[in-house]
Q: 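First the structure, then my questions, so here it is.
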Protein chains: 2
Amino acid sequence: MAWELKTDRPIYAQLIEQLELRICSGIYPPGARMPSVRDLAQEASVNPNTMQRALASLEEDGLLYSHRTSGRFVTKDVEMIRKTRNKLAQEQVHEFLKKMGELGFEYSEILSIITDLAEELIK
Amino acid sequence: MAWELKTDRPIYAQLIEQLELRICSGIYPPGARMPSVRDLAQEASVNPNTMQRALASLEEDGLLYSHRTSGRFVTKDVEMIRKTRNKLAQEQVHEFLKKMGELGFEYSEILSIITDLAEELIK
DNA sequence: ACTATTGTATTAGTTACTTAATACAATAGT
DNA sequence: ACTATTGTATTAAGTAACTAATACAATAGT
């Protein structure tokens with residue numbers, strides 16, 4: 001999963017989202033050591049300060065914690081990660097259905113669009 | 001449909017999206033006269049310049065056109081609106097499935113989540 | 001012709017984001 | 001003890017977004 005940073009919104013916000021995603025999807029597993037701020041910043045082609053800001057935010061949420069010199073780690077609280085994952089999923093579903101609704105799509109239509117797409121990807 | 005402006009991304013970008021949505025959903029029907037820049041700005045609690053910027057962008061896309069003093073109008077090209085609507089829907093579906101996939105959800109799960117939610121809203 | 005309302009343009013000031021460069025603080029590893 | 005690497009903090013500068021205030025241009029309506 002590559003870093004995808006668009007210019008139409010604050011980078012730190014996008015970093016937060018993508019780090020959250022990486023944690024919830026297990027790319028950074030519970031208890032794992034994160035790459036250093038500087039390495040992450042270089043990976044994402046971003047200033048270390050910007051990356052630091054994003055990491056600090058996740059730390060506030062409790063998803064990360066840091067030991068001064070040994071590095072920064074993903075929480076070992078798998079329950080918290082699971083809840084975060086569900087929260088993110090629910091937000092996605094909610095936003096999606098809202099937008100589609102505003103565009104005038106019925107549930108039946110939405111369902112058939114997704115099933116069609118699913119079949120596309122299977123074959 | 002109220003104006004929803006968050007602080008985590010440029011306002012003009014959000015205005016563009018929501019105006020697009022209003023046009024595609026028929027809130028501003030084909031050929032209809034839009035409220036004036038100043039009125040729209042006041043509605044959305046935004047500076048007229050910011051609203052103007054968003055409107056100018058939609059005008060570039062051809063979704064709007066303006067007559068100097070009589071106001072700004074939605075295009076009469078219903079086909080263009082239809083295409084825009086489909087484009088927006090496709091983007092929504094694509095983004096949604098991508099995010100859910102990254103969160104580790106299978107299609108079957110996604111489908112059942114949506115159907116469950118649909119039933120929730122029906123009852 | 002006059003007037004009000006429309007879209008449009010300009011200039012300036014403020015704020016937030018981002019980068020950059022640097023320094024400090026703490027400790028694991030040697 | 002020393003050293004490298006870690007997270008953290010600070011200061012400065014540049015850029016873009018947003019607001020604000022104002023003015024101009026065009027024309028529909030009277």
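In what follows, chains are A, B, ... by sequence order, proteins preceding strands, each numbered from 1.
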Q: Do A/Phe96 and B/Val93 have side chains that approach each other closer than 4.5 Å (heavy atoms only, starting at C-beta)?
A: yes

Q: Does D/dA17 have OP1 or OP2 under 4.0 Å away from a side-chain N or O of B/Thr50?
A: no

Q: Using modelled atom types and a 3.5 Å cut-off, is there a donor and acceptor pairing between side-chain atoms of A/Gln18 and backbone atoms of A/Glu4?
A: yes

Q: In this structure, how many angstroms lie between the C1' atom of D/dT10 and the CG atom of A/Asn47, rounded?
A: 13 Å

Q: I need a per-nucleotide contact map over nucleotides 6-17 of chain C, read 5' to 3'. Cutoff is protein heavy atoms under 4.0 Å; write B for the base, S for backbone only, - otherwise.
A: BBBBB------S

Q: For residues A/Leu19 and A/Trp3, determine if any side-chain heavy atom of one lies less than 4.5 Å from a side-chain heavy atom of the other.
A: yes

Q: Kindly indicate whether the side chain of A/Glu17, heavy atoms from C-beta on, has any atom under 4.5 Å from the side chain of B/Lys99.
A: yes

Q: Under a 4.5 Å cut-off applied to non-hydrogen side-chain atoms, are B/Val74 and B/Leu64 in contact?
A: yes

Q: Determine the stems involving DNA chain C; a stem requires 3 or more consecutive pairs of the Watson-Crick or G-U wobble kind, each with both distances below 3.5 Å, and the answer is none if no such run exists.
A: C:1-30 with D:1-30

Q: Kindly work out whether a path of hydrophobic side-chain contacts (I/L/V/M/F/W/Y, heavy atoms less than 4.5 Å apart) joins A/Tyr65 to A/Leu15.
A: no

Q: Do B/Arg9 and A/Lys6 have side chains that approach each other closer than 4.5 Å (heavy atoms only, starting at C-beta)?
A: no

Q: With side-chain contact (heavy atoms from CB on, under 4.5 Å) as the test, would you mind laying out the steps for B/Glu95 and A/Glu95 before giving the verdict?
A: CA-CA 11 Å; B/Glu95 272 180 42; A/Glu95 272 182 41; over 6 Å; no

